[in-house]
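These notes are about the structure you will find just below.
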Protein chains: 2
Amino acid sequence: MNKKTVTRARRDDTLSRERIIEAAIDLLDREGERGLTFQALSAQLATGPGAIYGHIANKADLLTAACDAIVARAVMAPLDGATPQAAIRAVALALFDAMDVHPWAGAALIQAGGKMPVVRILECIGRQISALDVPEPARWASACALVNYILGVSGQNAANAQLARSQGADRGKFLAAVANDWTQLDPALYPFTRSVAGQLREHDDREDFLAGVDLLLAGLVDQEVK
Amino acid sequence: MNKKTVTRARRDDTLSRERIIEAAIDLLDREGERGLTFQALSAQLATGPGAIYGHIANKADLLTAACDAIVARAVMAPLDGATPQAAIRAVALALFDAMDVHPWAGAALIQAGGKMPVVRILECIGRQISALDVPEPARWASACALVNYILGVSGQNAANAQLARSQGADRGKFLAAVANDWTQLDPALYPFTRSVAGQLREHDDREDFLAGVDLLLAGLVDQEVK
DNA sequence: ACCTGAACACCGTTCAAGT
DNA sequence: ACCTGAACACCGTTCAAGT
């Protein structure tokens with residue numbers, strides 16, 4: 001076996017921002033957040049670490065760009081025809097599922113500030129809010145609330161997935177362990193948390209996520225009437 | 001000037017988890033997330049980096065513990081007497097303000113999984129949800145929705161603060177720059193985002209945050225009636 | 001003009017030696 | 001039993017040299 005031939009991937013075409021981002025997504029999906037290294041990334045691209053800096057500003061930029069690729073695909077999901085409420089639920093679910101497949105993207109999303117991936121979501125939600133009869137001045141706050149809620153869930157799911165991975169457990173085992181921790185809290189200090197520990201173990205995240213979206217939508221309709 | 005005397009802080013008492021966490025908070029507040037180094041931390045504590053590992057498992061543990069100290073203080077804010085709604089608004093605001101003063105805590109909060117700081121918030125919100133007439137099975141989802149929303153806003157604010165810091169701008173300047181970016185988006189693709197760019201520049205985060213809490217609360221009351 | 005990869009600065013964590 | 005701090009493994013980023 002020739003080491004050079006085996007180790008190095010073929011260089012089909014020239015290095016580009018897109019190819020780098022694609023390779024980064026591959027790496028993140030396979031090895032998790034800790035697996036994304038300029039060393040590993042450049043090895044996969046059959047080049048040196050320095051080459052990447054010709055197309056990407058730094059690691060934060062790379063993560064945001066990779067996250068944006070995921071979000072862009074999710075936001076393109078079909079969402080026309082139905083009511084604005086249904087459309088909002090559809091995008092929210094598409095994002096939830098995308099973050100479920102790519103947990104690192106949830107963490108990246110939260111660190112992206114007002115950058116592209118967040119803007120994509122804001123735009124998508126905002127249009128539907130406008131289609132509802134939410135009065136003009138309330139649209140900004142309403143869209144923000146929905147976006148922030150989605151970001152919060154994404155971030156929390158990402159953290160759970162990462163912790164689970166680092167403990168070598170799957171999602172179910174990890175949540176069961178957390179539920180168990182909750183059961184052992186002081187009953188005098190944490191009655192509520194103890195009472196819902198069972199629901200943490202058995203709950204369907206996806207459904208709970210949707211319930212939150214519906215809560216916000218219900219509040220919106222309420223506002224609309226006034 | 002004697003180097004040793006000047007450089008080293010006095011060691012009032014023996015090293016403890018509490019003293020380490022306090023020093024970490026100091027460092028994080030002064031220098032931001034990037035400033036928290038085991039090197040810098042141990043220097044401030046007048047010891048070696050290794051000593052810290054006697055009391056703290058690793059850096060993630062340290063960040064969670066520091067965040068928990070902030071959250072614990074915020075959650076203790078006065079919130080009795082008034083209605084459950086008012087109490088929820090009060091904790092939410094207290095948390096918002098705490099994260100505003102300690103932006104790093106927002107980021108740490110999101111990475112804490114189901115750990116202490118999140119549990120504290122869940123417990124606090126959950127009790128008030130129980131005090132409302134939300135039916136039993138919906139309490140878990142309702143409390144989760146509120147917690148996730150709070151986490152999302154905290155995380156986003158933390159990211160903004162960190163980006164602003166890294167660009168050497170204050171919060172106002174940073175948001176103005178983001179708003180400017182939004183103004184230059186393609187009008188055909190991002191009509192909504194462009195239309196709210198002005199509101200991003202002038203908005204009061206605190207008020208928008210509360211508006212989101214109110215939206216969720218309105219949805220809750222709606223649910224209650226049904 | 002773009003890639004290459006050694007080198008730099010730095011950081012979390014460990015561990016043998018000290019007290 | 002606990003601290004000390006040098007050492008290790010590793011990682012983002014730079015830059016002189018190559019093509």
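In this text, all values refer to a predicted model and were calculated from it rather than measured experimentally. Chain identifiers are assigned alphabetically (A, B, ...) following the order of the sequence lines, protein sequences preceding nucleic acid strands; residue numbering begins at 1 within each chain. Just so you know, these numbers use all the heavy atoms, side chains as well, and skip hydrogens, waters and symmetry mates.
- Protein atom NZ of B:Lys59 is 15 Å distant from nucleotide atom P of C:dC10, rounded to whole Å.
- B:Glu33 places its CD atom 14 Å from the P atom of C:dC11, with the value rounded to the nearest Å.
- Between A:Thr37 and A:Ala51, the one whose closest nucleotide on DNA chain D sits nearer the 5' end is A:Thr37.
- At a threshold of 4.5 Å between non-hydrogen side-chain atoms, the residues A:Arg120 and A:Val71 count as touching.
- Rounding to whole angstrom units, CG of residue A:Leu15 and C1' of C:dC2 are separated by 9 Å.
- Look at B:Lys115 and A:Asp181 and you find no salt bridge, because none of the NZ, NE, NH1 or NH2 atoms lies under 4.0 Å from a carboxylate O.
- Scanning both residues, A:Arg34 and A:Thr37, for their nearest heavy atoms gives O-OG1, 3.9 Å.
- Distance, A:Leu45 CG to C:dT4 P: 10 Å, rounded to whole Å.
- Across the protein-nucleic acid pair, A:His55 atom NE2 and C:dT4 atom P stand 11 Å apart, rounded to whole Å.
- Across all strands shown, D:dT19 is found opposite C:dA1 as a Watson-Crick or G-U wobble partner, with both distances under 3.5 Å.
- The aromatic rings of A:Phe96 and A:Phe209 sit parallel to each other, their planes meeting at less than 30°, with 60° as the upper class boundary.
- Atom OH in B:Tyr53 sits about 17 Å away from atom P in D:dG5, given to the nearest Å.
- Note on A:Gly54: nothing from the nucleic acid sits closer than 4.0 angstrom, heavy atoms only.
- In this structure, C:dA6 forms a base pair with D:dT14, meeting either the Watson-Crick or the G-U wobble geometry with both donor-acceptor distances under 3.5 Å.
- Taking atom CZ of residue A:Phe38 and atom C1' of nucleotide C:dC8, one finds them 16 Å apart after rounding to whole Å.
- Around CD of B:Gln184, the count of heavy atoms belonging to other residues, nucleotides or ligands within 6.0 Å exceeds 12.
- Here B:Leu36 lies in heavy-atom contact (under 4.0 Å) with sugar-phosphate atoms only.
- A straight line from CD of A:Gln39 to C1' of D:dC10 spans 10 Å, rounded to a whole angstrom.
- Minimum atom distance to the side chain of B:Thr14 is reached by D:dC3, of the listed D:dC3, C:dT13, C:dA6.
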